[in-house]
Amino acid sequence: MKDEKKQIAGVVTEVGVNFLEFHDPRLFRDLLGQHDQHVKILQQTLQLKIRVRGSGLEIEGDPLQVELASQILRQLYGLLEKGYPVYASDVDYAIRILSGDSRARLQDIFLDTIYISAHKRTITPKSIAQKAYIDAIRRYDIVFGIGPAGTGKTYLAMAMAVSELMKNNYVRIILTRPAVEAGEKLGFLPGDLAEKVNPYLRPLYDALHDMVDFDRARKLVERGTIEVAPLAFMRGRTLNDSFVILDEAQNTTPEQMKMFLTRLGYGSKAVITGDATQIDLPAGKLSGLKEASRILKGVHGIRFVTFTEKDVARHHLVQEIISAYERDENQPGIRDTQEKN
């Protein structure tokens with residue numbers, strides 16, 4: 001005989017181990033997604049059979065995966081009850097989070113609103129590492145976010161910076177990155193100095209314009225409230241009451257990194273982001289990010305947050321691509337053989 005147990009406040013009733021019943025028809029429809037898209041994502045990712053039965057879902061498959069799917073659905077339903085709009089991407093993030101840590105609470109992560117963007121989109125962390133990163137930025141004056149591309153390091157730092165500026169907690173935002181060619185030879189660039197370095201700074205402008213509408217961003221830049229500049233422009237300055245973001249820090253030299261970190265003045269915060277696997281410095285040059293990780297690891301008041309491919313918030317294939325390259329790098333013999341041939 002199947003056991004019966006009730007979930008918190010009687011909102012969700014679980015019958016046996018493979019049936020979940022939901023009492024609010026509107027929220028249940030939102031949980032299913034358009035054309036049952038959310039259910040299809042769970043089925044495909046966890047290799048399960050999920051069938052809609054009235055106001056509930058019948059789940060069949062490996063017992064561990066059935067339990068994981070049940071937990072994901074219950075927690076997503078709890079988010080809907082709190083007014084959080086669940087999208088297909090959130091289902092994917094939920095699978096990643098709870099697959100890695102069954103004790104994680106999606107509400108603690110997804111309901112941590114950082115900023116409402118210019119497009120009226122709520123920016124929130126989407127993984128345990130992103131949540132730890134945001135908490136670290138709130139608590140520490142110097143934070144390093146280290147990990148592969150697409151994990152939200154720069155984007156979330158930008159969102160935090162704009163949010164803090166709007167609250168008048170800082171006088172200005174300074175966005176900087178080293179001007180290093182990523183393998184390409186750009187050659188002679190016409191125009192004044194600003195036009196020459198603009199291609200290197202374009203990603204920072206793109207992220208900024210996603211946070212603040214174009215006209216407002218332009219006015220903030222013209223007034224100097226937001227400054228976007230190459231790292232070389234930081235030399236000799238003292239940055240007081242500023243929220244400073246150093247992007248692509250893996251392409252700094254140790255001397256540049258030391259120069260940047262010692263610019264920090266009173267009432268300021270610095271976030272340094274980088275991917276130690278994508279260093280574009282000339283052969284033989286040490287990465288300032290790697291050196292800082294070694295030298296500053298135990299310094300009180302500085303926090304290091306590490307991201308992995310599981311935190312990638314782009315197309316799902318990006319996560320697979322990063323994993324594939326990491327596997328290849330761990331087999332140097334294959335690359336050596338190919339280079340000789």
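Basis for what follows: all heavy atoms, side chains included, without hydrogens, waters or symmetry-related copies.
With contacts defined as side-chain heavy-atom distances shorter than 4.5 Å, the pair M160/I114 qualifies. Within the 4.5 Å cutoff, no side-chain heavy atoms of V271 are placed close to those of T154. A heavy-atom distance below 4.5 Å is found between the side chains of I128 and D101. You'll find the side chain of T176 stays beyond 4.5 Å of the side chain of E227, heavy atoms only. I109 is not listed as a side-chain neighbour of T124, based on a closest heavy-atom distance of 4.5 Å or more. Put simply, the side chain of L80 does not reach to within 4.5 Å of the side chain of F22, judged on heavy atoms. Considering only heavy atoms from C-beta on, I174 stays 4.5 Å or farther from I245 through its side chain. Considering only heavy atoms from C-beta on, R303 stays 4.5 Å or farther from Y133 through its side chain.
Under a hydrophobic-cluster definition in which Ile, Leu, Val, Met, Phe, Trp and Tyr are linked whenever side-chain heavy atoms come within less than 4.5 Å, directly or via other members, V244 and V299 are assigned to the same cluster. Under the 4.5 Å side-chain contact rule for hydrophobic residues, V52 and L76 share a cluster. In the hydrophobic clustering of ILVMFWY residues, with side-chain heavy atoms under 4.5 Å counting as a link, Y93 and Y87 come out apart. Both M166 and V228 belong to a single network of hydrophobic side chains, linked directly or stepwise wherever heavy atoms of I, L, V, M, F, W or Y lie under 4.5 Å apart. Linking ILVMFWY side-chain heavy atoms closer than 4.5 Å, directly or via other members, places L296 and L286 in two distinct hydrophobic clusters.
The local environment of CD in Q44 is sparse, with at most 12 non-hydrogen atoms from other residues, nucleotides or ligands closer than 6.0 Å. More than 12 heavy atoms of other residues, nucleotides or ligands shown are found within 6.0 angstrom of CZ on R237. The environment of K82 atom NZ is sparse: at most 12 non-hydrogen atoms of other residues, nucleotides or ligands sit within 6.0 angstrom.
Ring geometry for Y170 against F243 counts as perpendicular: the plane angle is over 60°, on a 0 to 90° scale with 30° as the lower cut. Using a 30° and 60° split on the angle between ring planes, Y84 and F110 fall in the parallel class, below 30°.
Side-chain atoms of R96 come within 3.5 Å of backbone atoms of V312 as a donor-acceptor pair (strictly under, hydrogens ignored). Checked by atom type and distance alone, the side chain of T306 never pairs as donor or acceptor with a backbone atom of I146 at under 3.5 Å. Side chain of S287 to main chain of L289: a donor-acceptor pair is present (N/O by atom type, distance under 3.5 Å, no hydrogens or angles). Side-chain atoms of S242 never come within 3.5 Å of backbone atoms of L239 as a donor-acceptor pair (strictly under, hydrogens ignored). Within the 3.5 Å criterion, the main-chain N or O of Q47 finds no donor-acceptor partner in the side chain of Q65. In terms of modelled atom types and a separation under 3.5 Å, the side chain of N240 and the main chain of Y266 share a donor-acceptor contact. Panel note: side chain K269, backbone Y140; a donor-acceptor pair is recorded below 3.5 Å. A donor-acceptor distance shorter than 3.5 angstrom exists from the side chain of S70 to the backbone of V66, with no hydrogens or angles considered. Put simply, the side chain of E164 never gets that close to the backbone of A159: no donor and acceptor are under 3.5 Å apart. A donor-acceptor distance shorter than 3.5 angstrom exists from the side chain of D213 to the backbone of R216, with no hydrogens or angles considered.
Residues D311 and S127 have side chains that bring a donor and an acceptor to within less than 3.5 angstrom of each other. A donor and an acceptor atom, one from each side chain of E248 and Q250, are located under 3.5 Å apart. Defined by atom type and a distance below 3.5 Å, a donor-acceptor pair is missing between the side-chain atoms of D30 and Y77. Checked by atom type, the side-chain pair R172/T225 shows no donor-acceptor distance below 3.5 Å. Between the side chains of T273 and D247, a donor-acceptor pair is found at a separation under 3.5 Å.
Within the model, atoms NE2 of H38 and CD1 of I41 stand 6.0 Å from one another, a figure rounded to the nearest 0.5 Å. We find the CZ-CG distance between R74 and L98 to be 10.0 Å, quoted to the nearest 0.5 Å. From K258, atom NZ reaches atom CD of E255 across 9.0 Å, with rounding to the nearest 0.5 Å. Rounded to the nearest 0.5 angstrom, R51 CZ and Q43 CD are separated by 8.5 Å. The CG atom of D92 sits 10.0 Å away from the CG atom of L42 when rounded to the nearest 0.5 Å. In this structure, CE on M158 lies 13.0 Å from NZ on K153, to the nearest 0.5 angstrom.
Counting all heavy atoms, side chain and backbone alike, N251 lies closest to Q256 at O-OE1, 4.0 Å. Across every non-hydrogen atom of D108 and K131, the tightest pair is O-CE, 3.4 Å. Minimum interatomic distance between D275 and P148 (heavy atoms only, all atoms of both residues): OD2-CA, 3.5 Å. Taking all atoms of both residues into account, the shortest heavy-atom contact from R53 to F19 is CB-CE1, 3.6 Å. Of all heavy-atom pairs spanning A229 and M234, the tightest one is CB-CE, 4.1 Å. Across all their heavy atoms, R138 and T113 have their closest contact at NH2-O, 4.2 Å.
Salt bridge status for E222 with K219: absent, with no side-chain N to carboxylate O gap under 4.0 Å.
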Might you work through the side chain to side chain contact (heavy atoms under 4.5 Å, CB included) test for V171 and L165, ending with a clear yes or no? CA-CA 7 Å; V171 173; L165 181 71; over 6 Å; no
Take I123 and I116 through the side chain to side chain contact (heavy atoms under 4.5 Å, CB included) test and state the conclusion after the steps. CA-CA 6 Å; I123 300 172; I116 307 297; over 6 Å; no
Step by step, would you call E81 with L27 a side chain to side chain contact (heavy atoms under 4.5 Å, CB included)? CA-CA 7 Å; E81 289 182 303; L27 295 182; 3.7 Å; yes
Determine, stepwise, if the pair L231 / F260 fulfils side chain to side chain contact (heavy atoms under 4.5 Å, CB included). CA-CA 8 Å; L231 181 59; F260 171 79; 3.9 Å; yes
